[in-house]
Amino acid sequence: MAFNDGVFMTPEEEQKWIGSCTGEAVDHAKLYAIELPWSNPFSGAKSHSSSPELPSRLVVEKYVEVYCSSYQSRVFPVISKALFTESLDLAYGPTNAFGSDSARSCVHAFLSVIYLFGLNGNLVEAHDCVTYSRAAQGFMASLVCEMSLSGLQSIIMLIQHQYFLGDLQAAAVSVSIASRLLFSLRAHTMSPSDSAYHKSVAEHHLRDLFWLCYSFDKDICLRIGQPPCINDTHCDLTLPVDYAQLQESDMQRESRSNTDDTLPLFPFDLRLSMIKSNVYQALYSANAANKPASEILSSIRSLDQELEQWRLSLHPDIRPTLSFHDETPVSRGLNTQAIMLRLAYYHCVALIHQAIDRCRGCQIRDLVSSAMLVTNVNQSTLSFLEVAMPVLAGECFW
């Protein structure tokens with residue numbers, strides 16, 4: 001995602017712009033060589049094939065055990081082991097039962113996530129994750145009609161799949177469908193209950209799915225320049241009880257075992273996702289396009305302060321530094337989640353200060369200050385990625 005005078009550019013426009021600045025064309029073969037093989041559009045892995053049959057229920061149940069005990073399930077709490085049993089009952093039951101299509105889609109989507117994260121082991125003959133995701137998408141019409149928890153889980157897992165393979169336009173469409181299911185199931189207005197968090201409680205699991213969709217929505221809208229699907233003013237954005245403290249504690253202990261009462265980490269800090277929402281609304285929405293330079297500058301300063309307050313609120317062990325020098329994630333013991341947090345912070349700084357390009361008539365010192373900040377965080381991002389690659393999970397490349 002790039003900007004030209006503060007305006008979003010399409011991927012094709014980005015590549016032409018990069019080529020004009022560097023005199024070099026993007027080497028896609030080299031770029032995709034460090035990714036998962038099925039995410040390479042030039043490898044032939046995405047050729048159409050018939051939908052695979054579901055493996056035996058026993059095999060899927062073993063996958064559920066593997067996923068729910070993995071670190072990935074704390075970041076992406078897409079299923080509840082207890083509640084997923086209901087989806088399996090429908091998926092492996094009579095095909096004419098209401099909700100069975102959504103349930104089968106959900107199991108296919110779950111298998112795509114299992115293979116995406118490399119959690120499949122040697123349990124069954126391997127299909128690539130694209131095959132399973134396509135099978136899940138084949139039930140899309142039924143998902144919309146049935147409006148069930150299984151269908152919601154399926155779509156959010158498809159978002160996961162599309163996001164990690166860099167297909168952000170498809171992910172944006174999936175987010176729009178997921179958001180309607182969230183609204184239908186009232187997950188957007190559920191306040192945290194007085195009872196302690198437990199993944200087997202349907203309301204708690206639905207709330208996890210809301211936050212997952214919210215996080216993806218706010219990140220994707222800034223990356224592709226399209227409005228978010230979830231309007232903050234229509235939602236209860238009360239954070240889980242003790243979210244900040246538990247999130248920091250868990251992020252520093254990747255080896256901690258998972259239980260049903262372990263609060264999820266989510267792919268991005270939820271507070272940072274709210275800041276992203278404010279960034280889009282204040283700087284990149286249709287209303288923001290008509291703001292005078294003075295208001296844009298004021299919004300930049302306000303958002304910069306909001307982002308800095310968030311950064312300083314984090315524990316020093318996981319707090320992103322203002323720039324990256326010669327430290328290494330390996331020596332600091334950063335896990336994937338902490339690495340992604342650092343990259344998300346740099347991305348937000350760039351998004352906020354790149355909007356200065358639309359401030360015609362601003363004082364030179366403001367233009368120079370923002371330009372230096374953008375250059376610094378972009379350089380820091382590239383330098384940090386270079387040393388983080390040995391630690392960063394392959395599916396997180398994009």
Supply the atom-to-atom distance [X] [atom1] to [Y] [atom2], rounded to the nearest 0.5 angstrom.
X: S179; Y: L152; atom1: OG; atom2: CG; result: 10.0 Å
X: L307; Y: Y345; atom1: CG; atom2: OH; result: 5.5 Å
X: N376; Y: S323; atom1: CG; atom2: OG; result: 4.5 Å
X: Y132; Y: I114; atom1: OH; atom2: CD1; result: 10.5 Å
X: L314; Y: L272; atom1: CG; atom2: CG; result: 9.0 Å
X: T131; Y: L111; atom1: OG1; atom2: CG; result: 11.0 Å

Compare all side-chain heavy atoms of [X] with those of [Y] and state whether any distance is below 4.5 angstrom.
X: P267; Y: M340; answer: no
X: V144; Y: R180; answer: no
X: Y92; Y: V60; answer: yes
X: T321; Y: R342; answer: yes
X: V377; Y: L373; answer: no
X: W211; Y: L239; answer: yes
X: F210; Y: L237; answer: yes
X: L209; Y: L149; answer: yes

Practice problem: Carefully, step by step, assess H188 and F183 under the rule ring pair (Phe, Tyr, Trp, His ring centres under 6.0 Å). | Solution: CA-CA 6 Å; H188 65 302; F183 299 154; 4.8 Å; yes

Self-check item: Set of residues satisfying side-chain hydrogen bond (donor to acceptor under 3.5 Å, both in side chains) with respect to S294, sequence neighbours excluded
Solution: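 S294 satisfies side-chain hydrogen bond (donor to acceptor under 3.5 Å, both in side chains) with no other residue.
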
Backbone N or O of [Y] within a donor-acceptor pair of the [X] side chain at under 3.5 Å?
X: D217; Y: C229; answer: yes
X: S105; Y: D101; answer: no
X: S383; Y: Q379; answer: yes
X: S277; Y: S273; answer: no
X: E146; Y: G99; answer: yes
X: R74; Y: L263; answer: no

Practice problem: Assess whether atom CZ of R57 is packed by more than 12 heavy atoms of other residues, nucleotides or ligands within 6.0 Å. | Solution: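 Above 12, so yes.
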
Quiz item: Are there more than 12 heavy atoms of other residues, nucleotides or ligands under 6.0 Å from atom CD of E308?
Solution: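 Yes, enclosed.
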
Taking all non-hydrogen atoms of both residues, which atom of [X] and which atom of [Y] are closest, and how far apart?
X: Q160; Y: V113; result: NE2-CG1, 3.8 Å
X: I156; Y: A178; result: CG1-CB, 4.2 Å
X: S133; Y: V130; result: OG-O, 2.9 Å
X: A109; Y: S112; result: O-OG, 2.6 Å
X: L119; Y: V66; result: O-CG1, 3.8 Å
X: Y280; Y: G225; result: OH-O, 4.0 Å

Quiz item: For N287, which residues count as a side-chain contact (heavy atoms from CB on, under 4.5 Å) partner, sequence neighbours excluded?
Solution: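 For N287 the side-chain contact (heavy atoms from CB on, under 4.5 Å) partners, ignoring immediate neighbours, are Q281, S285.
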
Exercise. Check whether the side chains of T262 and T259 place a donor and an acceptor atom closer than 3.5 Å, and report yes or no.
Key: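 Distance-only check passes for T262 and T259.
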
Quiz item: Would you say the side-chain atoms of S150 and S102 include a donor-acceptor pair closer than 3.5 Å?
Solution: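 Note: S150 and S102 side chains miss the donor-acceptor criterion.
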
Quiz item: Run the side chain to side chain donor-acceptor pair (under 3.5 Å) check on Y197 and D208 step by step: do they pass?
Solution: CA-CA 10 Å; Y197 173 86; D208 287 346; 2.4 Å; yes

Quiz item: Could you walk me through whether D304 and R301 pass the salt bridge (charged side-chain N to carboxylate O under 4.0 Å, His left out) check?
Solution: CA-CA 5 Å; D304 191 58; R301 289 171 175 168; over 6 Å; no

Practice problem: Establish, for the pair R358 and Y284, whether the NZ or CZ atom is under 6.0 angstrom from the six-membered ring centre and no further than 45 degrees off its axis. | Solution: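 Yes, a cation-pi geometry.
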
Quiz item: On the ring face of F268, is K218 found with NZ or CZ under 6.0 Å from the centre and within 45° of the axis?
Solution: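 Not flagged: K218 not positioned over aromatic ring of F268.
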
Exercise. Using the side-chain contact (heavy atoms from CB on, under 4.5 Å) rule, take V64 and F110 through it: C-alpha gap first, then chi angles, then the decisive distance, then the call.
Key: CA-CA 9 Å; V64 171; F110 174 67; 3.9 Å; yes

Quiz prompt | Matching residue for F76 among F117, Y67, Y71, Y163 - test: ring-ring contact (aromatic ring centres under 6.0 Å, His included) | solution =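 By the ring-ring contact (aromatic ring centres under 6.0 Å, His included) criterion, F76 pairs with just one of F117, Y67, Y71, Y163: F117.
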
